[in-house]
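Report on the structure given below.
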Amino acid sequence: MHLLSFSTPARRLLLALSCAALGLMQWGCASTPEGEPVHGKDQVVSFLAAKDGRKVVIAAEKYHYVFDGDPSVAALLRWDGRAKITPSLNGELKVARNNSFEGTYTLLAFDADLTPEDRVFLIQTGFAKTEMKYGDRTGPALRYFGTVYGTRYAAAPVKPADTLDFSRSFSINYVEQETATGPAARPAPSPLIYDDGGRPLVGGVPMFIVQGGTDYRCRARFMDICFYK
């Protein structure tokens, strides 16, 4: 006999008994999720980094995204040829319910811009040889893929002098992937603060503003941010 031929109370009872009988597979009979993964954009207002590159903050209107730079990025920030590198963020940041996030990025350098010493340094840093087309450029290049893990915080005010004048609007795309059973947790307050002298700090570490946006001389951009100036 078909289930639909039963009355509504009987159908509910049979469904409940079926779910109970499945035991460990009971998740298959769960009710409709309360929500779906949320996709959003957050308008960036500033970009800060520690001098050694090991602490990075993307300050946006809704949230502040704080993460540790990997050793390769730290080495590149100290490298005299850092302006030859083009960085880019790949796709959306994946944000968990506890406001931790994960994202991937690419660092790219065309052979035509590099000296033999540059190539040796980048390969030792973790770059690999490739053939690449990027914008209107194509040819042999060195490329580095990285993954960033960090925490998303509630945005705090950034001093007007520390905001960036972008050549075009710059936003971070994110997806809150773990919201199928409820909303994400409320983010903690941003750790970005100012000391008595007006310098930005994160966890006691001095940060500097990574300038860029309208500076046409900047060749290394992080989606229009002059990342290595």
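Only heavy atoms go into these numbers, but all of them, side chains included; no hydrogens, no water, no symmetry mates. This one's a predicted model, so the numbers in the text were calculated from it and none came from an experiment. Numbering starts at 1 and runs along the sequence shown.
- Remark: Tyr174 OH to Lys41 NZ distance equals 11.5 Å, nearest 0.5 Å.
- Residues passing the side chain to side chain donor-acceptor pair (under 3.5 Å) test with Asp118 are Lys84, Thr115, sequence neighbours excluded.
- Summarising the geometry of Pro187 relative to Ala154, their closest heavy-atom pair is CB-N, 3.6 Å, with the distance given to 0.1 Å.
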_Worked verdict on Ile85 versus Leu122 for side-chain contact (heavy atoms from CB on, under 4.5 Å)_ = CA-CA 10 Å; Ile85 303 295; Leu122 291 177; 4.0 Å; yes
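- Not counting sequence neighbours, the partners of Tyr194 by the side-chain contact (heavy atoms from CB on, under 4.5 Å) test are Val158, Lys159, Asp162, Pro200.
- In this structure Tyr65 satisfies the ring-ring contact (aromatic ring centres under 6.0 Å, His included) test together with Phe101, sequence neighbours excluded.
- In terms of the side chain to side chain donor-acceptor pair (under 3.5 Å) criterion, residue partners of Arg199 (sequence neighbours excluded) are, by chain and number, Asp195.
- Remark: the backbone N or O of Val44 is not paired with any side-chain donor or acceptor of Ser171 at under 3.5 angstrom.
- In the hydrophobic clustering of this structure, Ile123 groups with Tyr144; members are Ile, Leu, Val, Met, Phe, Trp, Tyr whose side-chain heavy atoms approach within less than 4.5 Å, directly or through other members.
- Separation of atoms CG (Leu142) and CE (Met132) is listed at 12.0 Å; rounding is to 0.5 Å.
- Scored by the side chain to side chain donor-acceptor pair (under 3.5 Å) test, Ser100 finds Asn98 as partners (sequence neighbours excluded).
- Side-chain heavy atoms closer than 4.5 Å link hydrophobic residues (I, L, V, M, F, W, Y) into clusters, and following such links, even through other members, never connects Tyr153 to Tyr149.
- Separation of atoms CD (Glu176) and NE2 (His39) is listed at 10.0 Å; rounding is to 0.5 Å.
- Across all their heavy atoms, Phe47 and Val56 have their closest contact at CZ-CG1, 4.0 Å.
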*Go through the steps for Lys55 and Leu48 under the test side-chain contact (heavy atoms from CB on, under 4.5 Å), then give the verdict.*
CA-CA 9 Å; Lys55 183 68 68 177; Leu48 307 93; over 6 Å; no
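- In terms of heavy-atom proximity, Ala185 sits nearest to Asn99 at O-ND2, 2.7 Å.
- Across all non-hydrogen atoms, the minimal contact from Gly103 to Leu93 is CA-CD2, 3.7 Å.
- Within 6.0 Å of the NZ atom in Lys62, the count of heavy atoms belonging to other residues, nucleotides or ligands exceeds 12.
- Residues meeting the side chain to side chain donor-acceptor pair (under 3.5 Å) test with Asp111, sequence neighbours left out: none.
- Atoms CE and CG, from Met207 and Leu201 in turn, are 9.0 Å apart once rounded to the nearest 0.5 Å.
- The CZ atom of Phe110 lies 8.5 Å from the NZ atom of Lys133; values are rounded to the nearest 0.5 Å.
- Within the model, atoms OG1 of Thr130 and CZ of Phe145 stand 7.5 Å from one another, a figure rounded to the nearest 0.5 Å.
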*Verdict with supporting geometry, Ile58 and Tyr63, side-chain contact (heavy atoms from CB on, under 4.5 Å)*: CA-CA 9 Å; Ile58 300 177; Tyr63 305 105; over 6 Å; no
